[in-house]
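For reference, the structure discussed in these notes is given below.
Starting from 1, each residue takes its place in the sequence as its number.
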Amino acid sequence: MTNLIDAILAELPDHQRLIAARAAVRARRDSADMRPATDHPTAAVQQQVLAAVLDGEPVPTDLRARIGAALLDEQMRGHEWEMLGRLMTNLEYEESALLSRNLDAILDALRERLDALLDETRAILAGPLADIRTSREASLAGRSREWGRIATLADLYRNIRAAQRTAIVKVHGDQWPTLDGHTSAGLVDDVLFLVGDIANLDEMWPDWHYSPGAWTGNPHAGRIAKATGNTAGTPPWPVQQGTVATPSRDRDYLVWLATDPTAKPWLPSMSEAADAANRQRAAGYLRQRREQASVYGEFMTDAEWSALATEAGEAA
């Protein structure tokens, strides 16, 4: 996944310059003339200095010059070594800044790769693998090679999604940043679960709000789900019995994502993801508040309902 990000960054001229600069600095630090001499010049002349002192004679002028040159060379070499270390650190900071400046471009490039991957997946499934959806069916039809290609595309799909998360976390950490005046949309992993893969998760699986933990932070979610009978149930994508609802992103998931007529796969920009996650959370909270009011007889004014509906993007 990091290699995928590096491949995208490598297309940027600024990143190419950084790579060249880091290689040059590293080569200089590793060069022979930056290493301590095995035969230290000052050690070689110590005995001569001692002999002169024992004889009561002044240290010869040429010997003093050799001692001074050796000490100066050692000092300058230390300064250069320290400067190169600082330069390497600065280049690492510059690379982080480059990643931050180009995060949207990286996400755009990942989106292009995702679109191409889905197009290829759909073409294979509509052509050589038409009506074939299992390994056994592919084997019986003599289409194991094409079915294997779908597995390879599923691996690439996971790499794209992993790179999506890695790029965001490298720039912003685990917490989704505040954008366009919004409060933070929450943890990066939570936001990507809500809107990272599918743009219309709320439409396809409206009861996701009632999953354990509810992904909303609403302490009433579990009680409301129990009281109203609204449980998360089975997500629209393939899930093995007893496993969590988070998309597995395996071959079965990719086949579903590429062929389901209602699914809208996407790779959103930072602002698109934050807006969509905030709308979905607000919509889920609005539904829960309505059901909470129904279950517990809680009273809310029209203005309060209107404010919640507006936040959720619904008509008040």
Side-chain angles (χ1 to χ4, degrees), residues 100 102-115 117-118 157-158 160-218 221 230 232-233 235-237 239 244-249 253-254 256-258 260-290 305-316:
S100 179
N102 290 280
L103 179 57
D104 284 339
I106 292 171
L107 294 179
D108 286 343
L110 289 173
R111 185 182 304 115
E112 291 177 0
R113 285 166 167 79
L114 173 64
D115 291 342
L117 181 151
L118 290 172
Y157 180 85
R158 281 194 296 272
I160 290 173
R161 292 303 185 183
Q164 175 189 9
R165 179 189 182 279
T166 297
I168 295 170
V169 170
K170 276 190 173 184
V171 174
H172 296 293
D174 293 334
Q175 188 75 27
W176 199 273
T178 300
L179 296 169
D180 300 330
H182 288 298
T183 56
S184 172
L187 294 175
V188 168
D189 287 337
D190 290 344
V191 174
L192 292 181
F193 170 81
L194 290 174
V195 297
D197 281 39
I198 305 168
N200 59 330
L201 175 62
D202 220 37
E203 171 189 334
M204 298 191 68
W205 190 24
D207 285 340
W208 69 262
H209 302 279
Y210 301 100
S211 292
W215 292 291
T216 64
N218 183 352
N230 286 321
W237 52 80
V239 176
V244 297
T246 304
S248 60
R249 293 174 176 168
Y253 177 77
L254 178 60
W256 169 83
L257 189 65
D260 189 282
T262 58
K264 297 178 181 178
W266 72 337
L267 199 152
S269 67
M270 294 296 292
S271 58
E272 287 172 339
D275 287 342
N278 284 327
R279 283 196 306 272
Q280 287 196 8
R281 280 201 177 91
Y285 183 63
L286 176 59
R287 280 197 292 272
Q288 290 168 2
R289 290 289 284 161
R290 284 172 175 162
W305 284 124
S306 178
L308 279 175
T310 299
E311 185 179 2
E314 298 181 6

Full working for side-chain contact (heavy atoms from CB on, under 4.5 Å) between Ile198 and Leu257:
CA-CA 9 Å; Ile198 305 168; Leu257 189 65; 4.1 Å; yes
From the options Ile106, Leu103, Asn102, select the one residue that forms a side chain to side chain contact (heavy atoms under 4.5 Å, CB included) with Val171.
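That would be Leu103; it is the only one of Ile106, Leu103, Asn102 passing the side chain to side chain contact (heavy atoms under 4.5 Å, CB included) with Val171.
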Spacing of [atom1] belonging to [X] relative to [atom2] belonging to [Y], to within rounding of 0.5 Å:
X: Leu267; Y: Gln164; atom1: CG; atom2: CD; answer: 4.0 Å
X: Ser100; Y: His172; atom1: OG; atom2: NE2; answer: 6.0 Å
X: Ile168; Y: Met270; atom1: CD1; atom2: CE; answer: 5.0 Å

Do the rings of Trp237 and Trp205 sit parallel, tilted or perpendicular, given the 30° and 60° boundaries?
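Geometry flag for Trp205 against Trp237: perpendicular rings.
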Do any N or O atoms from the side chain of [X] and from the backbone of [Y] form a donor-acceptor pair under 3.5 angstrom?
X: Trp266; Y: Val195; result: yes
X: Arg249; Y: Arg158; result: no
X: Trp256; Y: Pro236; result: yes
X: Arg161; Y: Gly196; result: yes

So which atom in Leu110 and which in Ile160 form the shortest heavy-atom distance, rounded to 0.1 Å?
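Nearest heavy atoms, Leu110 then Ile160: O-CG2, 4.0 Å.
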Just to verify, what does Glu203 make a side chain to side chain donor-acceptor pair (under 3.5 Å) with, not counting sequence neighbours?
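For Glu203, no residue satisfies side chain to side chain donor-acceptor pair (under 3.5 Å) once neighbours in sequence are set aside.
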With a 4.5 Å cut-off on side-chain heavy atoms, are Asp197 and Leu192 touching?
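Side-chain contact under 4.5 Å: no.
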